[in-house]
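Inspection log for the structure reproduced underneath, given as structure tokens.
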2 protein chains.
Amino acid sequence: MALDRLVADRQAVTVLDVAREAGVSVSTVSRIINGTVKVSEDKRLAVEDAIRRLEFKPNLFARSLKKGTTMTIGVLIQDVESPFFTRVMCGLEEGVLDTGYALIIVSGHWDAAEEAERIKLLMARRVDGLVILTGHLSDAQIAEFAQMQPIVVTGRKIDAENVRSVFFSNEEGGYLATRHLVSLGHRRIAFIAGPPTHSDAISRFEGYQQALAEAGIVLDPALIVQGDFKENGGVFAMNRLLDSGAPFTAVFAANDQTALGARMVLSRRGIRVPDDVSLVGFDDLPTSAYLTPPLTTIRQPLFEVGQHCASLLLGMLGQQGKAIALPPLELVVRETTRRV
Amino acid sequence: MALDRLVADRQAVTVLDVAREAGVSVSTVSRIINGTVKVSEDKRLAVEDAIRRLEFKPNLFARSLKKGTTMTIGVLIQDVESPFFTRVMCGLEEGVLDTGYALIIVSGHWDAAEEAERIKLLMARRVDGLVILTGHLSDAQIAEFAQMQPIVVTGRKIDAENVRSVFFSNEEGGYLATRHLVSLGHRRIAFIAGPPTHSDAISRFEGYQQALAEAGIVLDPALIVQGDFKENGGVFAMNRLLDSGAPFTAVFAANDQTALGARMVLSRRGIRVPDDVSLVGFDDLPTSAYLTPPLTTIRQPLFEVGQHCASLLLGMLGQQGKAIALPPLELVVRETTRRV
DNA sequence: TTTTCAATTGAAAACGTTGTCAGCTTGACC
DNA sequence: GGTCAAGCTGACAACGTTTTCAATTGAAAA
């Protein structure tokens, strides 16, 4: 009795067992599973029944070995704990749902060497495709990796064989945020930057400069301080800014986490937001709407970015992924900004 | 020339190529790679050199197929976006670093059926082990899954073959938080609960009750409102609580996200924290220290929990994982609580 | 010098699939 | 009735490893 075998040794139900149980050959079983060739109705039924009875699960590794495909997608993120990445991951996860693909996620921790290391690890696992969410790898490196398997990369534009970029204008976001402050009458607008080598951070800074220039405000270097895209960077930056004594009425932080740190320092020093200082972030993280007061910020459609990445990659892998339209960047005005 | 072959067809460097290049048999190459049997020094050198020159990477799938092991660990979380899970994942990630194991992460979204579904997916991929971070699966289900592969589960105590639990007392945490409020003179302490079926949530409630009983305070059902462990649940709960008119001077929220939502409502209604109402959370999420004011909460050593899970599972898989000591739960007093 | 034995090594058989190839039916057509 | 094509089917060779098993070697022992 086949079920005994199942109980005795849970691991070992193979296509051979199914074939025996259904009284056909292994080839036929394989054909039914993959639907490659038509088989007679009675055998199909017998096999499907046997599969169900034996709870047969094809060994993915044997299959991978034969077909050269692993049904696995590698995802390089920078930090598992960053809400930015997890939001995108959420979209990715949704995007590959029910496609049979699984995600292997690795973190590069904002370090080009570590990123390359992790990608090599993924390649050793023969992932079918790669999603690279920002980071410090050079375009050339990515193009090289793309010789091995298709890649979708976010946060930059790469023109290379086998690479698709999901890209949207951080510059425009920086511009939107700054223009909003300008339109409220602010003229001394501080900027807490992101990591100096980070392309998103650079673009946001460019948007800031552009809005300033457009309003005829000369950029005051004393109002530019360095952050690191994390809460603590915001804390340091805001302290430095306040200690410098340079007067300002508004702050544009390069991301929400930075804004959070900055806001804490302001509050600690008795500076009210938005009464004394207006504050704008960037990202619209899930928690940002629940801060006190709720943070004015630039909304990036991160979930959709994830979905879109999945869809693009699936497309490159020959699967028909559902097309996702990327909503534009959007200024979300909440309660941390006020007319001066 | 071997390198030509490499360039022409990047995928296909096999152990056979290496053997040919080094002038030995495939068996010898395999032996050198796995270190199973001693081979002569000169051949070892030749093979190692060939491996390097050809950039040979063993095909993990062929190996898995033969050895029956996949060097993959499945992780069931509930929500990629929850800071709670990502913190633990961080520890997990660190724990398996350089062990050759990779993590496949799936989300159950707090739904027992979906959780079981995802676990079956992981099992179809023949993961070597499983880490289950809380959730709604029954103990019996987990014990059954454990017949297939070792499991580490958090947030509950399961006595079963092939299962290890990482468990620490949410009850004690609830007790600590409530006792802190009591010691500040509060007597009307509201509680915003978590999901009613969630074991962590239940334990925290029990701790709350215990501290109240110890202080001789009778529990007032009017002060207990339902949340869902997310920000929005905190918003609804706090609105309901305030609308009910029941007086209170302190709130214990079942987790930090809930506290965040509750705090926003308080602020919106002009109720000051901690001047009018004291607030305690649970989890000590990374952002909680940066709220305004910084949140008093119970710190769970989540990162260490992740490391510990990894270590336990690695142990069950026959790897010598480094032992991790789990720090105890801890009350972190910040600035949202004050003497009444 | 022969015998014994351990240390290395290579050939070949798995592991569980898929896909090619050839063989077997079956029915249609002349 | 014979021929053919078409439709199914099974045997078997891959896929790239690891792991027997047996053979070869060289050195040590007799």
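Just so it is clear: chains get the letters A, B, ... in the order the sequence lines come, proteins before strands, and each one is counted from 1.
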What nucleotide among C:dT18, D:dC8, D:dT9 has an atom nearest to a side-chain atom of A:K66? C:dT18
Out of D:dC12, D:dT17, D:dC8, minimum distance to the side chain of B:V15 belongs to D:dT17
Among D:dT9, D:dT18, C:dT18, which nucleotide sits nearest the side chain of A:S30? C:dT18
In whole angstrom, give the distance that lies between atom CG of A:N59 and atom C1' of C:dA14. 14 Å
Start at the 5' end of DNA chain D and walk down; is the nucleotide closest to A:S40 or to B:L16 reached first? A:S40
Contact check, side chains of A:R156 and A:I142, non-hydrogen atoms, under 4.5 Å: yes
Atom NZ of A:K43 and atom P of D:dG7: how far apart are they, to the nearest Å? 17 Å
In whole angstroms, the gap separating P of C:dT17 from CD1 of A:I51 amounts to 10 Å
In this structure, how many angstroms lie between the P atom of D:dC15 and the CZ atom of A:R126, rounded? 14 Å
B:V96 and side-chain contact (heavy atoms from CB on, under 4.5 Å): which partner among B:D98, B:T99, B:L92? B:T99
Atom-to-atom span, CG of A:L45 to P of D:dC8 - whole angstrom: 15 Å
Using distance alone, with no hydrogens and no angle criterion, decide if A:S107 and B:E93 have a side-chain donor and acceptor under 3.5 Å apart. yes
Nucleotide D:dT19, atom P - distance to CD1 of B:I32 in whole Å: 15 Å
Tell me which nucleotide among D:dC15, D:dG10, C:dT17 gets nearest to the side chain of A:L65. D:dC15
Spell out protein contact along nucleotides 21-26 of chain C as letters: B when the base is contacted, S when just the sugar-phosphate is, - when no protein heavy atom is under 4.0 Å; keep the 5' to 3' order. ------
Can you tell me if A:N34 uses its side chain to pair, donor with acceptor, with the backbone of A:T36 under 3.5 Å? no
A:I33 CD1 to D:dT9 P, straight-line distance once rounded to whole Å: 15 Å
For the residue pair A:W110 and A:F85, is the inter-centroid distance of their aromatic rings smaller than 6.0 Å? yes
Name the orientation class of the two ring planes belonging to A:H136 and A:H198 (parallel below 30°, tilted from 30 to 60°, perpendicular beyond 60°). perpendicular
Taking only the side-chain nitrogens and oxygens of A:N34, find out if one of them lies under 4.0 Å from OP1 or OP2 of C:dT18. yes
Is there a side-chain contact between A:I132 and A:V152 in this structure, where contact means two heavy atoms from C-beta onward sitting under 4.5 Å apart? no
B:R63 atom CZ is separated from C:dT17 atom C1', nearest whole Å, by 20 Å
Enumerate all atom pairs, one protein N or O and one N or O from nucleotides 23-27 of chain D, separated by less than 3.5 Å.
none

Counting only side-chain N and O atoms of B:T14, is one of them less than 4.0 Å from OP1 or OP2 of D:dG16? no
Of all the nucleotides listed (D:dA11, C:dT17, D:dT17), which has the minimum atom distance to the side chain of B:P58? D:dT17
Which nucleotide wins on minimum distance to the side chain of A:T36, given the candidates D:dG10, C:dG19, C:dG16? C:dG19
Criterion side chain to side chain contact (heavy atoms under 4.5 Å, CB included) on A:E115 and A:L76, from CA distance to verdict: CA-CA 7 Å; A:E115 288 172 41; A:L76 175 72; 3.9 Å; yes
As its Watson-Crick or G-U partner within any shown strand, both distances under 3.5 Å, D:dT20 has C:dA11
From B:T69 OG1 over to B:D128 CG, what is the distance, rounded to the nearest 0.5 angstrom? 3.5 Å
Got a second to check how far A:R164's CZ is from A:D159's CG, nearest 0.5 Å? 10.5 Å
